[in-house]
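Heads up, the thing below is written out as structure tokens.
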There are 2 protein chains.
Amino acid sequence: MTSSAASGTLAGPASSEASTGRRKTTSAQVVDRLRERILSGDLPEGAQLRQEKLASELGVSRVPVREALHQLEAEGLVTLVTHKGAVVSGLSVDDLEETYEIRAQLEGWLLEQAMPILSERDYARAEALVVEMESDLRDESWSDLNWRFHATLYAPANRPRTLELVHKLYRNAYRHFPLPIRLTGGRERMSREHRMLVELCRKGDVAAAREHLTTHILLGARTLISRLKALRQKEAADESGR
Amino acid sequence: MTSSAASGTLAGPASSEASTGRRKTTSAQVVDRLRERILSGDLPEGAQLRQEKLASELGVSRVPVREALHQLEAEGLVTLVTHKGAVVSGLSVDDLEETYEIRAQLEGWLLEQAMPILSERDYARAEALVVEMESDLRDESWSDLNWRFHATLYAPANRPRTLELVHKLYRNAYRHFPLPIRLTGGRERMSREHRMLVELCRKGDVAAAREHLTTHILLGARTLISRLKALRQKEAADESGR
DNA sequence: TCTCAAATAACTGGATACAAAATGAGTCAA
DNA sequence: TTGACTCATTTTGTATCCAGTTATTTGAGA
């Protein structure tokens with residue numbers, strides 16, 4: 001446990017210190033590492049997180065790992081059961097639906113607030129992102145680009161905390177969908193809806209834009225969730241029929 | 001540190017264990033304790049939280065205290081600065097305004113969803129709470145009763161996560177206002193607005209009810225915040241002029 | 001062979017002790 | 001007065017030990 005020669009060991013002082021100028025604490029680094037692995041799906045829903053294993057993998061002691069797990073629990077990424085340990089938390093279908101409803105409400109409001117302030121520059125930037133989404137066909141890039149597109153339209157509302165909250169909901173919901181089923185309704189439909197949204201904003205039709213955005217989110221969610229249900233049923237069938 | 005005979009020592013296993021049947025972990029108890037003290041204003045904004053002091057006060061070691069602080073940080077109640085320690089976090093005026101705006105959006109939506117399902121029983125319960133608020137003149141009871149009134153009208157919407165989120169925002173915003181200035185516009189106006197809200201729900205006028213609720217929240221916030229500003233300016237003046 | 005209970009192992013939660021790192025205050029000299 | 005330096009305080013991290021709980025295995029009896 002001394003040499004910490006494991007493959008995934010945390011970066012030495014030099015690397016992270018140099019970039020920020022301010023060295024993060026070990027537990028904060030552990031949080032970042034684990035969050036990344038969870039959000040990326042590397043640690044799938046339901047995975048057991050053993051303190052000792054994580055500690056040795058990362059080359060740290062158990063204390064910062066425990067603190068990291070507590071923090072991740074507060075973020076909703078893991079579930080801590082007393083004396084049983086940490087498990088990467090899942091989200092029920094109901095929870096997912098609710099998350100999307102909250103997003104629809106808050107994003108609709110953000111767009112409404114931003115619209116009077118949106119400028120041609122913002123529209124151009126948003127459309128550039130649509131183009132980027134059309135050209136970058138890697139599935140992994142998509143959800144980030146999609147968020148940036150949306151965020152571009154909300155930014156002028158100047159509601160940083162709301163934006164952060166929505167972003168958190170966005171990431172937390174998205175990770176539950178395996179990559180293959182994320183692109184709801186295909187890229188074409190997404191592009192079409194996104195372009196349409198920008199167009200409505202340009203026209204200055206607040207009500208129509210909000211309506212379109214809300215539908216975009218909720219219908220997307222419905223498709224996504226029904227696919228997830230199908231996938232889970234299939235998995236359950238495979239499991240029992242095996 | 002051995003005898004743990006301090007006044008605020010955590011309850012022995014017996015008391016909390018008996019009620020739930022499942023003993024909470026020490027760090028969870030510490031979280032509860034600290035959250036309570038912060039939300040009640042006992043630990044005011046900006047207060048330094050010394051690990052060792054808290055640990056000895058509560059009769060526990062530093063480990064659960066640190067874990068608790070990390071969790072509270074994730075909840076937004078304290079700010080952790082590396083190597084400087086934990087401070088009860090404040091909220092800027094901008095943050096407060098934003099919090100109320102989010103509440104207005106989400107609560108408006110909750111009410112809309114709940115309205116078709118609300119029954120005479122719910123109205124009666126809500127009105128009973130209004131009466132209770134009129135008779136219980138203790139300032140400390142008020143914010144809890146107020147929340148219960150609102151929650152009663154949202155409960156049928158059956159959106160537990162949204163309700164929890166809103167509740168968190170509610171508490172987190174409220175604690176920043178010292179007790180004396182909490183009752184915006186006096187009890188009479190509050191009662192009037194609450195009764196009016198119930199009446200609009202009874203009539204089934206969804207749009208009017210939502211509008212009234214939103215205004216109720218946002219105007220209340222504005223009054224509250226302007227008072228807070230005045231208070232802070234006064235404090236600043238006292239400070240420099242002393 | 002199957003089932004259930006006791007023994008055992010594994011893991012988490014917590015306490016304590018100690019080392020390391022960083023901050024802030026104070027000191028001292030230029 | 002300014003600036004560098006030292007030092008006490010505090011947080012952070014590690015190691016070790018122990019207690020309590022859960023999971024697993026073992027073994028006896030049916």
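Throughout, a chain's letter reflects where its sequence line sits, starting with A, and its residues are numbered from 1.
Here C/dG13 presents its C1' atom at 12 Å from CD of B/Gln29, a figure rounded to the nearest Å. For the pair B/Leu69 CG and D/dG13 P, the interatomic distance rounds to 13 Å; values are reported in whole Å.
Considering only residues two or more places apart in sequence or on other chains, A/Glu75 meets the salt bridge (charged side-chain N to carboxylate O under 4.0 Å, His left out) condition with A/Arg35. Residues that satisfy the salt bridge (charged side-chain N to carboxylate O under 4.0 Å, His left out) test with B/Arg121, not counting sequence neighbours, are absent from this structure. With sequence neighbours excluded, no residue forms a side chain to side chain donor-acceptor pair (under 3.5 Å) with A/Arg222. Qualifying salt bridge (charged side-chain N to carboxylate O under 4.0 Å, His left out) partners for B/Lys53, counting only residues two or more places apart in sequence or in other chains: B/Glu57. Looking at residues two or more places apart in sequence or on another chain, you find no salt bridge (charged side-chain N to carboxylate O under 4.0 Å, His left out) involving B/Glu36.
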Enumerate all atom pairs, one protein N or O and one N or O from nucleotides 10-12 of chain D, separated by less than 3.5 Å.
from   : atom 1 : to      : atom 2 : distance (Å)
D/dT10 : O3'    : B/Arg50 : NH1    : 3.3
D/dT11 : OP1    : B/Arg50 : NH1    : 3.3
D/dT12 : OP2    : B/Gln51 : NE2    : 3.0
D/dT12 : O4     : B/Arg62 : NH2    : 3.2

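Note on the helix from C/dT1-D/dA30 to C/dA30-D/dT1: terminal axis deviation equals 10°, with five pairs used at each end and the result rounded to 10°.
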Can you give the donor-acceptor pairs under 3.5 Å from side chains of residues 150-158 of chain B to other protein atoms, not counting sequence neighbours?
from     : atom 1 : to       : atom 2 : distance (Å)
B/His150 : ND1    : B/Glu107 : OE1    : 3.4
B/His150 : ND1    : B/Tyr154 : OH     : 3.0
B/Thr152 : OG1    : B/Arg148 : O      : 2.6
B/Tyr154 : OH     : B/Glu107 : OE1    : 2.4

Pair up each side-chain donor or acceptor in residues 63-72 of chain A with any protein partner under 3.5 Å, not counting sequence neighbours, and list the distances.
from    : atom 1 : to      : atom 2 : distance (Å)
A/Arg66 : NE     : B/Glu67 : OE2    : 3.2
A/Glu67 : OE1    : B/His70 : NE2    : 3.3
A/Glu67 : OE2    : B/Arg66 : NE     : 2.9
A/Glu67 : OE2    : B/Arg66 : NH2    : 3.2
A/His70 : NE2    : B/Glu67 : OE1    : 3.2
A/Gln71 : OE1    : B/His70 : ND1    : 3.2

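A/Glu101 pairs in a side chain to side chain donor-acceptor pair (under 3.5 Å) with only one of the listed residues (B/Arg161, B/Gln113, B/Arg159), which is B/Arg159.
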